[in-house]
There are 2 protein chains.
Amino acid sequence: MKKSTDKSAAGVKEIARLAKVSIATVDRVIHNREGVSEKTKNKIQAIIQKLNYQPNVLARRLALASRGTIRLAVLLPNISGETEFWQAPLDGINQAEAEIKQYGIEIERYFFDQNDESSFDKQVKKIIRQKPDGILFTPIFPEESLVLTEDCKKKGIPYVMINSDIPGYDSLCYIGAEIFHSGYLAAQLVNYCVAKTQKVLVVKIAREIDNNYAILRKEDGFRAYFSDNKIQNKILTLDSKQTDYAAVAKKLDQLIKKENDIGAIFVTNSRVSVVAKYLRKAGLENVLLLGYDFTKDNVEFLKDGSIDFLICEKPQEQGYRGVMTLFQHLVYSNTIEKNYLMPIDIITKENYQFYRN
Amino acid sequence: MKKSTDKSAAGVKEIARLAKVSIATVDRVIHNREGVSEKTKNKIQAIIQKLNYQPNVLARRLALASRGTIRLAVLLPNISGETEFWQAPLDGINQAEAEIKQYGIEIERYFFDQNDESSFDKQVKKIIRQKPDGILFTPIFPEESLVLTEDCKKKGIPYVMINSDIPGYDSLCYIGAEIFHSGYLAAQLVNYCVAKTQKVLVVKIAREIDNNYAILRKEDGFRAYFSDNKIQNKILTLDSKQTDYAAVAKKLDQLIKKENDIGAIFVTNSRVSVVAKYLRKAGLENVLLLGYDFTKDNVEFLKDGSIDFLICEKPQEQGYRGVMTLFQHLVYSNTIEKNYLMPIDIITKENYQFYRN
DNA sequence: CTGAAAGCGCTTACAG
DNA sequence: CTGAAAGCGCTTACAG
């Protein structure tokens with residue numbers, strides 16, 4: 001390793017020397033602060049230009065570390081067996097926290113019950129009382145989310161939405177997939193694998209279907225693919241507001257008795273494992289089954305062939321990136337991409353081993 | 001933003017104070033350096049344990065920045081129209097360089113002709129002469145690569161392999177996909193989309209097929225899926241050591257005249273666009289076509305439906321991660337995962353827009 | 001409007 | 001075997 005040589009990145013000291021001022025003044029110009037005469041300001045800016053000065057991010061962070069703590073609030077569904085999905089974003093958030101807590105970032109976590117809008121409300125009130133410096137949340141309930149976003153706007157608190165978007169809620173940014181398109185993709189896969197004569201079933205399992213933007217958008221996308229491409233398969237629908245196995249199985253049973261020759265089933269969220277369990281018990285494993293998310297249950301059914309395709313949108317990375325975005329914005333005032341669209345990944349029995357959430 | 005409070009991460013100073021020694025001695029213990037009495041060493045280690053001391057990476061890097069430059073060498077195929085694929089790893093390398101050049105890392109790039117083993121040889125000699133501190137390369141030619149790895153071992157220079165692996169070449173680490181499995185995955189997709197009576201064609205297009213480990217492994221994996229699952233489709237083979245369109249088209253023409261009812265074609269590398277062009281011209285777009293890599297040409301054919309699936313292994317991330325790994329190893333002596341296996345992504349017409357290499 | 005000095009947490013000669 | 005001091009490049013009171 002030889003000693004670093006020439007162009008070794010001039011810093012504030014060098015600029016100060018060339019401009020015959022102190023580094024404090026250089027700093028003022030770099031940060032566009034008040035109280036520098038036009039003349040010296042111009043002189044310093046010229047030198048910065050000429051030297052193509054790039055601040056040393058390391059040193060900047062280190063110096064800043066001594067300042068105050070930044071407090072972020074995170075609002076996500078709580079994690080139960082049924083909603084294990086949300087572990088992934090949380091993992092990402094934890095990872096981000098580990099990386100940046102050295103810079104004085106603290107993260108407060110709030111959880112709500114996905115089946116209970118009032119629990120969302122309650123947590124929102126708590127957060128508002130805490131006055132965090134930035135918020136990360138997922139707008140599962142559009143109306144209730146509005147309370148939060150309105151308050152944030154009033155107080156100038158930046159907020160990031162992950163996993164699903166609500167157009168018109170003007171956030172700092174959205175990090176997640178284009179969910180309409182993920183339904184579209186599911187339809188493409190179905191079309192590859194199913195005969196033209198077979199029927200296709202869309203299953204929606206959630207306590208709050210009508211108020212669940214993501215679930216509805218996915219079905220829209222799914223249906224759009226068929227109509228855009230003039231594909232004639234008959235599309236059936238099954239909704240279940242009860243999310244337990246018994247209830248879903250019963251409904252499926254009734255439907256399948258009535259409708260013969262269903263070639264594929266598309267479940268619009270991570271509850272696909274419930275359907276997989278039913279198909280396995282009923283000996284209907286030749287039906288193509290697609291659903292969402294890389295949860296433990298789902299992967300088990302993927303392995304044994306009950307589930308054919310899982311669509312996955314890197315939930316862990318969403319959490320990670322969400323926190324990092326707030327960090328970038330609050331600490332460095334970086335400009336932020338309004339929509340960070342995640343890839344829409346296709347997971348099968350033969351590539352799940354290598355998947356990274 | 002309130003002032004940081006309590007547990008605000010004790011540092012070397014605090015440790016030194018508690019152990020009643022100087023911070024220099026603490027530093028010696030942290031880095032397991034010689035010349036500290038057992039007694040003080042134990043005392044300091046106990047305190048480090050108790051405080052759960054985490055070094056401040058920022059400060060460490062900043063302090064280290066003043067040391068010498070680290071020089072890395074990168075050896076990749078040159079980028080032509082035909083081998084545009086290699087732009088992606090190079091992009092990743094450039095990105096990594098931008099992030100770490102502040103820490104005194106310099107990267108020297110060397111290119112060889114993928115169709116000419118002697119050009120690889122020549123570049124290896126150049127690199128050896130330069131005595132870099134670390135090397136990143138792709139072992140397309142096993143024998144010629146051995147010259148490089150042997151020399152590195154002798155001199156203790158760490159090297160990282162990306163994109164394809166050669167088992168037994170004991171590198172610092174391999175970053176890339178499990179290529180056998182990527183062939184396996186391709187076969188699964190084919191099996192979903194093709195009738196049992198149809199034939200399947202494997203196409204290998206490369207100047208040096210027999211000496212190209214990756215291409216052979218992918219075919220192995222592809223075939224293994226069929227035999228493991230006792231699937232009976234007849235598998236045909238077409239090899240072309242000429243990589244230009246005219247030559248490949250001619251061979252395909254001959255084969256397709258002889259063999260009727262080919263349901264799918266699997267091309268074992270990024271040259272799949274050549275086959276796509278042929279199928280489009282021949283009006284055979286109903287044949288399922290699969291191949292590798294997110295190149296501009298391939299994506300064009302994906303869009304128009306000539307290619308159905310592209311398998312992609314994040315080449316840009318491979319380059320990025322390769323450089324970062326050498327950096328971690330050389331600067332922080334971090335322990336490195338021996339095999340960093342990339343996901344094997346499935347790209348279609350309906351999700352390519354969101355893919356990130 | 002401007003500057004001298006201290007500090008961020010760590011590393012490294014150098015001196016004993 | 002151990003310590004005092006300078007330095008990494010930047011930021012921030014504080015004093016003028």
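Protein chains get the first letters and strands the later ones, always in sequence-line order, with residue 1 at the start of each. Only a predicted model underlies this, so the values are computations on that prediction, with no experimental measurement involved.
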Notebook entry, point to check: Is A/Arg356 close enough and on-axis enough to B/Tyr340, meaning under 6.0 Å and within 45°, for cation-pi?
Noted result: yes
Note to self: Run the ring-ring contact (aromatic ring centres under 6.0 Å, His included) test against B/Phe354 and tell me which residues pass, sequence neighbours left out.
What the structure shows: A/His181
Checklist line | Residues in side chain to side chain donor-acceptor pair (under 3.5 Å) contact with A/Arg109, at least two apart in sequence or another chain | finding: A/Asn94, A/Glu97
Check: What nucleotide among C/dC10, D/dG3, C/dG3 has an atom nearest to a side-chain atom of B/Ser22?
Finding: D/dG3
Item checked: Atom-to-atom span, CZ of B/Arg17 to C1' of C/dG9 - whole angstrom -> 16 Å
Checklist line | Whole-Å gap separating P (D/dC8) and CG (B/Leu62) | finding: 9 Å
Item checked: For atom CD1 of B/Ile15 and atom P of D/dG3, their distance in whole Å -> 14 Å
Notebook entry, point to check: Does A/Thr25 place a side-chain N or O at less than 4.0 Å from the phosphate oxygens OP1/OP2 of C/dG3?
Noted result: yes
Check: Does A/Asp345 have any side chain to side chain donor-acceptor pair (under 3.5 Å) partners at least two apart in sequence or in another chain, and if so, which?
Finding: A/Lys314, A/Tyr355
Check: In residues 27-42 of chain A, what residues come within less than 4.0 Å of DNA chain C, judged by heavy atoms?
Finding: A/Arg28, A/Gly35, A/Val36, A/Ser37, A/Thr40
Next item on the list: Go through the structure and list residues passing salt bridge (Lys or Arg N to Asp or Glu O under 4.0 Å) with A/Glu84, not counting sequence neighbours.
Entry: none
Note to self: I need the CG-C1' distance between B/Asn56 and C/dC8, as an integer number of Å.
What the structure shows: 8 Å
Next item on the list: Would you kindly give the CD1-to-P distance between A/Ile23 and D/dT12, to the nearest whole Å?
Entry: 13 Å
Note to self: Expressed as a whole number of angstroms, how long is the span from B/Glu14:CD to C/dG9:P?
What the structure shows: 11 Å
Notebook entry, point to check: For A/Lys20 and C/dC1, what is the distance between atoms NZ and P respectively, to the nearest whole Å?
Noted result: 22 Å
Determine all donor-acceptor pairs shorter than 3.5 Å in which one atom belongs to a side chain in residues 156-166 of chain B; sequence neighbours excluded.
unit_1   : atom_1 : unit_2   : atom_2 : d
B/Tyr159 : OH     : B/Asp170 : O      : 2.9

Next item on the list: Check every atom of D/dG9, C/dG3, D/dC8 against the side chain of B/Ala63 and return the nucleotide holding the closest atom.
Entry: D/dC8
Next item on the list: Go through the structure and list residues passing side-chain contact (heavy atoms from CB on, under 4.5 Å) with B/Glu38, not counting sequence neighbours.
Entry: B/Lys41, B/Asn42
Checklist line | Range-with-range stems for DNA chain D, at least three Watson-Crick or G-U pairs under 3.5 Å | finding: C:1-3 with D:14-16, C:5-12 with D:5-12, C:14-16 with D:1-3
Next item on the list: Kindly write out the residues that satisfy salt bridge (Lys or Arg N to Asp or Glu O under 4.0 Å) with B/Glu150, not counting sequence neighbours, or none if the list is empty.
Entry: B/Lys153
Next item on the list: Mark yes or no for whether B/Gln318, through its side chain, and B/Pro89, through its backbone, hold a donor-acceptor pair below 3.5 Å.
Entry: no
Next item on the list: Take the protein atom NZ of B/Lys43 and the nucleotide atom P of D/dC1, then report the distance between them rounded to whole Å.
Entry: 15 Å
